[in-house]
2 protein chains.
Amino acid sequence: MSSVTPGDARARRRLTNEIKGDLRELRNQLAMLNRQVGARLELNDVDMDCLDLISRHGPLSPSAVARRAGLHPATMTGILDRLERAGWVARERDPADRRGVTVRALPDRAGEMYGLLAGMNSAMDDICAGYTDAELDVVAGFLSRAIEAGRGATEELAGS
Amino acid sequence: MSSVTPGDARARRRLTNEIKGDLRELRNQLAMLNRQVGARLELNDVDMDCLDLISRHGPLSPSAVARRAGLHPATMTGILDRLERAGWVARERDPADRRGVTVRALPDRAGEMYGLLAGMNSAMDDICAGYTDAELDVVAGFLSRAIEAGRGATEELAGS
DNA sequence: CCCGTACAATATGAGAATCGTATTACTTCA
DNA sequence: TGAAGTAATACGATTCTCATATTGTACGGG
């Protein structure tokens, strides 16, 4: 990311708006992909989101997942019940604080989901293969920043 | 997008995987942002998705929205009832085929949602402002391709 | 022209999910 | 020790989803 070239301000504005629109469209498209995958696995929409959170951000307490996902703690109990019954996660009592529970993603069924996402996965590999290392760096940096912006905006709304 | 530089294959693989992970995380984060916005507007999660589809892809028939969103047509009736009651969309009879209905997004309440997304919006403006035109082109291209990949993967799952 | 078939949207009812509140179990601090 | 606070969950009322049935409309063949 080098310094900004002045360029044509109008064209630049258009480009920025295009990117913001694309981001919204991408979110929607990926949500639909998720819904299809979830349907195959008999997983609820929200359940997938939570499973994703648990898989990515390590063992978490139910309330931590609820906070991150913006859901009511009581709702989380139901979600975890379903995920646990279907063998996606395990609940373990926190040895340090016996009120607490930590939820851990189990590797067993992960392959099933991976299989359903294989098409998307290889499509993304193909796309990435068409870029130079430097370009991929730009994209990766952009995505990280966008995630961070999303987190910030979410917290701002959640906190007020 | 120029031709690929050989570079270090291992580092490249790592970079590609990072991007794929970021994409999943971004989806999740934006889903949470959406949930917060939806909560403020008393809009359901799915309702937001459908409203987004209708806003972006012009007037659509209920069944077309249902197909795109991967939802049952009867579910769509309920969703549109809620959206219509709250003044987000309008149903109009299709003059060409009187069995049909077309759903159109109304501009009235769009500003409310825009306001809630203002934080995210300006954060993205800031992020984009830090890139050169050429870099933004790379990002925009990448996003378009990723959307297309998502669409393809979704259709593949939906069709089978 | 009319009838049978096909299609779009919606009504209806059964099952499931969500969330506010109450409850139980445990910790922490006075 | 006991009072207050916290984590998770049980429970019930409300809401949502979806399979099926129904209504209204189009269209092609006789």
Side-chain angles (χ1 to χ4, degrees), chain A residues 31-32 34-51 53-54 57-86 88-104 158, chain B residues 31-32 34-51 53-54 57-86 88-104 158:
Chain A
M32 283 185 256
N34 243 32
R35 190 164 301 138
Q36 291 296 335
V37 172
R40 290 293 181 300
L41 299 172
E42 308 200 52
L43 274 178
N44 222 336
D45 228 6
V46 211
D47 298 10
M48 283 271 291
D49 280 355
C50 294
L51 178 55
L53 274 174
I54 297 164
H57 299 288
L60 285 170
S61 74
S63 37
V65 182
R67 224 172 307 119
R68 271 185 181 268
L71 294 168
H72 194 283
T75 307
M76 192 52 59
T77 298
I79 292 172
L80 293 178
D81 285 350
R82 292 192 292 273
L83 287 177
E84 190 170 38
R85 184 155 14 95
W88 292 102
V89 304
R91 278 192 252 228
E92 317 171 345
R93 285 232 94 88
D94 182 345
D97 181 344
R98 296 221 311 270
R99 291 169 307 181
V101 167
T102 62
V103 185
R104 170 186 316 279
Chain B
M32 283 184 254
N34 242 32
R35 190 164 301 139
Q36 291 297 334
V37 172
R40 289 293 181 300
L41 299 172
E42 307 199 52
L43 274 178
N44 222 334
D45 227 9
V46 213
D47 298 12
M48 282 272 291
D49 279 355
C50 293
L51 178 55
L53 275 174
I54 297 164
H57 298 289
L60 284 170
S61 74
S63 37
V65 182
R67 224 173 306 120
R68 269 186 181 267
L71 295 167
H72 194 282
T75 307
M76 192 51 58
T77 299
I79 293 172
L80 294 178
D81 285 350
R82 291 192 293 272
L83 287 177
E84 189 170 40
R85 183 156 15 96
W88 293 101
V89 303
R91 280 193 250 228
E92 317 170 344
R93 287 231 93 90
D94 181 345
D97 180 344
R98 295 220 314 268
R99 291 169 307 180
V101 167
T102 62
V103 185
R104 171 186 317 278

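Here is the naming used below: chain letters follow the sequence lines, and residue numbers restart at 1 for every chain. Not measured: the values here are computed from a predicted model.
- Here the nucleotide nearest the side chain of B:Val101, chosen from D:dC16, C:dA9, D:dA8, is C:dA9.
- A:Leu80 has its CG atom 13 Å from the P atom of C:dA17, to the nearest Å.
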Steps toward side-chain contact (heavy atoms from CB on, under 4.5 Å) verdict (A:Leu80, A:Ile54): CA-CA 11 Å; A:Leu80 293 178; A:Ile54 297 164; 4.1 Å; yes
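- Using a 4.0 Å heavy-atom cutoff across all strands shown, B:Gly100 reaches sugar-phosphate atoms only and no base atom.
- Note on A:Arg93: nothing from the nucleic acid sits closer than 4.0 angstrom, heavy atoms only.
- In this structure, A:Ile79 and A:Arg98 both approach DNA chain C, and ranking their closest nucleotides by distance from the 5' end singles out A:Ile79.
- Residue-to-nucleotide proximity on DNA chain D shows that, of A:Asp81 and B:Val46, the 5′-proximal contact is made by A:Asp81.
- In the set D:dA10, C:dA11, D:dT25, D:dA10 carries the atom at the smallest distance from any side-chain atom of A:Ala74.
- To the nearest 0.5 Å, atom CG of residue A:Leu83 and atom CG of residue A:Asn44 are 9.0 Å apart.
- Taking atom CZ on B:Arg85 and atom C1' on D:dC16, their separation rounds to 12 Å, with Å as the unit.
- In this structure, B:Arg91 contributes its side chain and B:Val101 its backbone to no donor-acceptor pair below 3.5 Å.
- Across all strands shown, A:Asn44 has heavy atoms under 4.0 Å from sugar-phosphate atoms exclusively, and none from any base.
- Closest contact between the side chain of B:His72 and the listed nucleotides C:dC19, C:dT10, D:dT20 involves D:dT20.
- At a cut-off of 3.5 angstrom, counting only N and O atoms as typed in the model, there is a donor on one side and an acceptor on the other between the side-chain of A:Arg99 and the base of D:dT6.
- If you check C:dC26, D:dC18, C:dA9 against the side chain of A:Asp97, the one that comes closest is C:dC26.
- One can place CZ of B:Arg91 at 10 Å from P of C:dA9, the figure rounded to the nearest angstrom.
- Side-chain contact check for A:Val103 versus A:Pro62: some heavy-atom pair is nearer than 4.5 Å.
- Listed candidates were D:dT9, C:dA11, C:dA8. Nearest to the side chain of B:Ser63 is C:dA8.
- Exactly one of B:Leu60, B:Leu43, B:Asp45, B:Ile79 qualifies for a side-chain contact (heavy atoms from CB on, under 4.5 Å) with B:Cys50. That residue is B:Ile79.
- Nucleotide D:dC16 holds its C1' atom 9 Å from the CG atom of B:Asp47, rounded to whole Å.
- Put simply, A:Thr75 has no side-chain N or O that comes within less than 4.0 Å of OP1 or OP2 on C:dT18.
- If you take CZ of B:Arg67 and P of C:dC7, they are 12 Å apart, rounded to a whole angstrom.
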